[in-house]
Amino acid sequence: MAGRFDPRPTRTTVRGGHVGVPPGAAAGIPRQAAAPPRARRWAPDGPLDLGLVLGPLRRGPADPTFRATADGSVWRASRTPAGPGTLRVRAYGGEVLGEAWGPGAEWLLDRLPELLGAADDPDAFVPRHRVVALARHRRPGLRLTRTGLVLESLIPSVLEQKVTTDEAYRAWRLLVRRFGEPAPGPAGAGERPMWVMPAPRTWALIPSWEWHRAGVDDKRASTVLRAVRVAARLEQAVGMPAVEARARLEVVPGIGPWTSAEVVQRSHGAADAVTVGDLHLPGIVGWALAGDRDADDAEMLRLLEPYAGQRHRAARLILLSGRTPARRAPKMYRVDIGLL
């Protein structure tokens, strides 16, 4: 995910990394569709790497709502304000072709440019460290996505609180497949169908034992339940500046600065929403910029001060550089509460 470098797969590096979108003729989605898709073409005004732009939206390699296929396409299944929809995006010849199915098709196509970083301004970023400058030079197609959807980033972010990457991704995968619905169009068919995440009411009706089976403790499950009860108010935050949106999210008990930053990075394309409270990120930033693997949040923010207004972009470039300190402690011990 970072060129020739091979950083350890922490949750932070996975999120900040690059989803491979390989060229080729074969695809992992059936070609036939029950109904023809709606389509839109869009020409970006600069380099665009679909794997870099859309990669942070994938929650693990088996995410049922996200898939990169061998024909160079990226597929997403989303629950939009207009209903469920499936979006297929493919770049070729300096253009991007978006195809969409389902009730949410028009909504997804209307926001295709913003999803691919049209509202982002990469030229506003000025590298001030060699590591950052080199990473930017190697990744000219990096843009910050803006999904315009809060809940689809909030719920998996809550599931990722205080647990290992594998536990969080497993919980998201099991719950979406168990309580979601098949993605509209060809993505919802075949041997490996894609799924649209559950509606807010469905999340609220998930029995306690199903959360337990998915390995989600009561604290995280309760936070999701509190959030979906005010889902409409939280979705309204997409029309606010990122700072105000974070304040609204953090009104919900169980949602703190770490979670709100992870959400607005995706829903708003917030270039300055640096993640604090992460287990690995301060040490990675400290190591890359100052050789300090023991940096804490305060030190990380001090090191990122030269990038005020663009601190999230700087952190992503550092993650993509592959300059991470060697592991010196065992991985976090995984406890599957579903077996208790």
side-chain hydrogen bond (donor to acceptor under 3.5 Å, both in side chains) partners of S260, counting only residues at least two apart: R246, E250

NZ/NE/NH1/NH2 to OD/OE distance under 4.0 Å, E152 and R76: yes

Atom pair CZ (R59) and CZ (R173), whose distance is rounded to the nearest 0.5 Å: 14.0 Å

Ion pair check, R79 and E181, cut-off under 4.0 Å: yes

Electrostatic pair R302:E305 at N-O distance under 4.0 angstrom: no

Qualifying side-chain hydrogen bond (donor to acceptor under 3.5 Å, both in side chains) pairs, either residue in residues 128-137, two or more places apart: H129-Y307

Ion pair K162/D217, N-O distance below 4.0 Å: no

CG on L234 to CD1 on I255, rounded to 0.5 Å: 6.0 Å

Results of side-chain contact (heavy atoms from CB on, under 4.5 Å) for D297 - residues two or more places apart only: V276, P282, M300

Closest heavy-atom pair and its distance - L50, G72: CD1-O, 4.3 Å

Electrostatic pair E244:R248 at N-O distance under 4.0 angstrom: no

L289 CG to L304 CG distance, which is reported to the nearest 0.5 Å: 6.5 Å

H268 side chain vs A237 backbone, donor-acceptor pair below 3.5 Å: yes

Under 3.5 Å donor-acceptor, W203 side chain and P198 backbone: yes

Exercise: identify the closest heavy-atom pair between L249 and L154: CD2-CD2, 4.3 Å

Heavy-atom closest pair, residues L97 and A39: CD1-CB, 4.3 Å

Shortest non-hydrogen separation from L303 to G286 and the atoms involved: CD1-CA, 3.7 Å

Heavy-atom closest pair, residues R143 and R316: O-NH1, 4.2 Å

From F179 atom CZ to I206 atom CD1, the distance as rounded to the nearest 0.5 Å: 5.0 Å

Interatomic spacing from CG in D71 to CZ in R88 - rounded to 0.5 Å: 5.0 Å

Separation of L149 CG from W107 CH2 (nearest 0.5 Å): 3.5 Å

T147 vs L115, side-chain contact (heavy atoms from CB on, under 4.5 Å): CA-CA, chis, key distance, verdict: CA-CA 5 Å; T147 66; L115 180 71; 4.0 Å; yes

Donor-acceptor contact present, side-chain R220 to main-chain L159, <3.5 Å: yes

